[in-house]
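These notes concern the structure reproduced below.
It should be emphasised that the depicted structure is a prediction, and the values quoted were computed from it without experimental measurement. Just the heavy atoms: all of them, side chains too, but no hydrogens, waters or symmetry mates, feed the values below.
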Amino acid sequence: MTCAATGRRPSRRIGRFYNQFGSELLETSNRNALTTLNVAWTDRNGNQQLDAGELGAIPTFSAGLFPTFDTGANRPYSDEFNVGVEHQLVPNLAVGVSYHRRQHRDGLGVVDRARPTSAYTPEARTFTNADGSQDTITVFKLQPEYGALRDRVITNVDVLQSDYDGVQFDIQKRMSNRWQLLAGLSLQNHKGFDHSGTHNQSRWHARLQQPELPAESRRRVGVHGDSLVVHPLGVLPAAALGPGALGQRTACDGDPLTRTQVFTFTNPTTSQPSETVYVQQRGEDRTESVTKFVDLRVAKRFTLARGSSVEASVDMFNILNANHVLGQNTALGSTWSRPNRILTPRIIRFGVTARF
């Protein structure tokens, strides 16, 4: 941050950014791509070798295995708008605030044109929620006569869009009187259909083709909300060549999760034996908030002859040895909410840097 002579510096930026594609779309629609099928084999003579007559029926590849690409589709893009102001309160102390807006549009998804909305039958299904209560949700079963019909295409889907809003607050005390301070607070909100990557994979196609769904059902199946609070803090008391220390504390809300339930169908089609459904708004479940993540660095520089120097340092990461849960199982059942990723434990690193 530069503290201008006037004490205040506004900033603003508006831009449109189009998605840059690699080979993902070509690989997805390439009909010469490698794929596999399982074939039953019975080793009748027990010689562990494939002999004539030991293979079962050879299955065939299902129709529409590889989707085509809609050449009339628009390239996904994001519009971004940033505005902010920085103000010097007193010499060497400045504050800043900025607003950030990003909206993603023209998302790409895999849609099956051979399976219209009428191909799916709504079913009310009951499941056991995390608190032991019996809840009901509507799932959509593919009718058997559509099981062998496939005409998938990668194209723009209206619901594949999202909006991000964030506000950032900053405080900076520049180096003076042997110390400095950097601190910030971020408030963020991200809402829209849960999508990622170049295009949404085929497992979403049934949900993308149900525009008649009521708002509540659509919300529970695919839409997510996300809000975070992050406030990193850094303090550096130091002298040019004397002992110095740098401490940083980072805290944030837990990451949003999507509680899921797998529903199996009676007399299912081979392409839809089951369906994984979001049974709760994304963000109502979260990982543990990070509150005790502190890093510390202590260093001392020694001046040698002819401008050379040696610096000894000790870096301590996660000095409080916090074990916050950063990831957990989201599927309902006996392992629901079981941690699968935690904060890296305390690490201490010693270093020596020589400058000539």
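- A donor-acceptor pair under 3.5 Å is absent between the side-chain atoms of R341 and the main chain of G327, judged by distance alone.
- We find that D315 and R297 are joined by a salt bridge, their nearest charged nitrogen and carboxylate oxygen being less than 4.0 Å apart.
- A cation-pi arrangement is absent between R31 and F66, since the terminal nitrogen or guanidinium carbon is not both under 6.0 Å from the aromatic centre and inside a 45° cone about the axis.
- Under the 3.5 Å distance criterion, the side-chain polar atoms of R346 are left unmatched by any main-chain donor or acceptor of M316.
- Annotation for K292: atom NZ does not count as buried by contact number, only 12 or fewer foreign heavy atoms lying within 6.0 Å.
- Under a cut-off of 6.0 angstrom, the local environment of CG in N30 is crowded, with over 12 non-hydrogen atoms contributed by other residues, nucleotides or ligands.
- A salt bridge between R101 and D163 is present, with a side-chain N of the basic residue lying under 4.0 Å from a carboxylate O of the acidic one.
- Taking the centre and axis of the six-membered ring of F317, the NZ or CZ atom of R349 falls outside the cone set by 45° and 6.0 Å.
- Panel note: side chain H104, backbone P76; no donor-acceptor pair is recorded below 3.5 Å.
- The main-chain N or O of Q248 is never found under 3.5 Å from a side-chain atom of D295 such that the two would form a donor-acceptor pair.
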(request) List the steps and the verdict of side chain to side chain contact (heavy atoms under 4.5 Å, CB included) for L326 and D255. (result) CA-CA 7 Å; L326 303 180; D255 292 334; 5.6 Å; no
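- Under the 3.5 Å distance criterion, with hydrogens and angles disregarded, a donor-acceptor pair is assigned to the side chains of Q134 and T128.
- Atom CG of N47 sits in a crowded spot, with more than 12 heavy atoms from other residues, nucleotides or ligands closer than 6.0 Å.
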(request) Determine, stepwise, if the pair E288 / I342 fulfils side chain to side chain contact (heavy atoms under 4.5 Å, CB included). (result) CA-CA 10 Å; E288 184 180 2; I342 64 173; over 6 Å; no
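- When all heavy atoms of Y18 and Y77 are compared, the pair lying nearest together is CD2-CB, 3.6 Å.
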(request) Tell me, with the steps shown, if L108 and F69 meet side chain to side chain contact (heavy atoms under 4.5 Å, CB included). (result) CA-CA 10 Å; L108 293 174; F69 182 76; 4.3 Å; yes
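- Geometrically, R115 does not engage Y146 in a cation-pi contact, judged by NZ or CZ lying under 6.0 Å from the ring centre and within 45° of the ring axis.
- Aromatic ring orientation, F263 versus F127: perpendicular (interplanar angle above 60°, classes split at 30° and 60°).
- Between the side chain of N82 and the backbone N or O of S98, no donor-acceptor pair lies under 3.5 Å.
- Side-chain contact check for D170 and Q168: at least one donor-acceptor pair (N or O, by modelled atom type) lies under 3.5 Å.
- Under the 3.5 Å distance criterion, the side-chain polar atoms of R12 are left unmatched by any main-chain donor or acceptor of F81.
- Remark: side-chain polar atoms of Q280 are not paired, donor with acceptor, to backbone N or O of Y278 under 3.5 angstrom.
- If you check the side chains of R259 and N129, you find a donor sitting under 3.5 Å from an acceptor.
- Not one N or O on the side chain of D285 forms a donor-acceptor pair closer than 3.5 Å with the backbone of L257.
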(message) Under the criterion side chain to side chain contact (heavy atoms under 4.5 Å, CB included), I'd like the reasoning laid out for R355 against R301: C-alpha separation, chi angles, the key distance, then a yes or no.
(response) CA-CA 10 Å; R355 296 178 176 88; R301 185 183 299 180; 3.8 Å; yes
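- Of the candidates Q188, K191, E80, H190, Q188 is the only one forming a side chain to side chain donor-acceptor pair (under 3.5 Å) with Y164.
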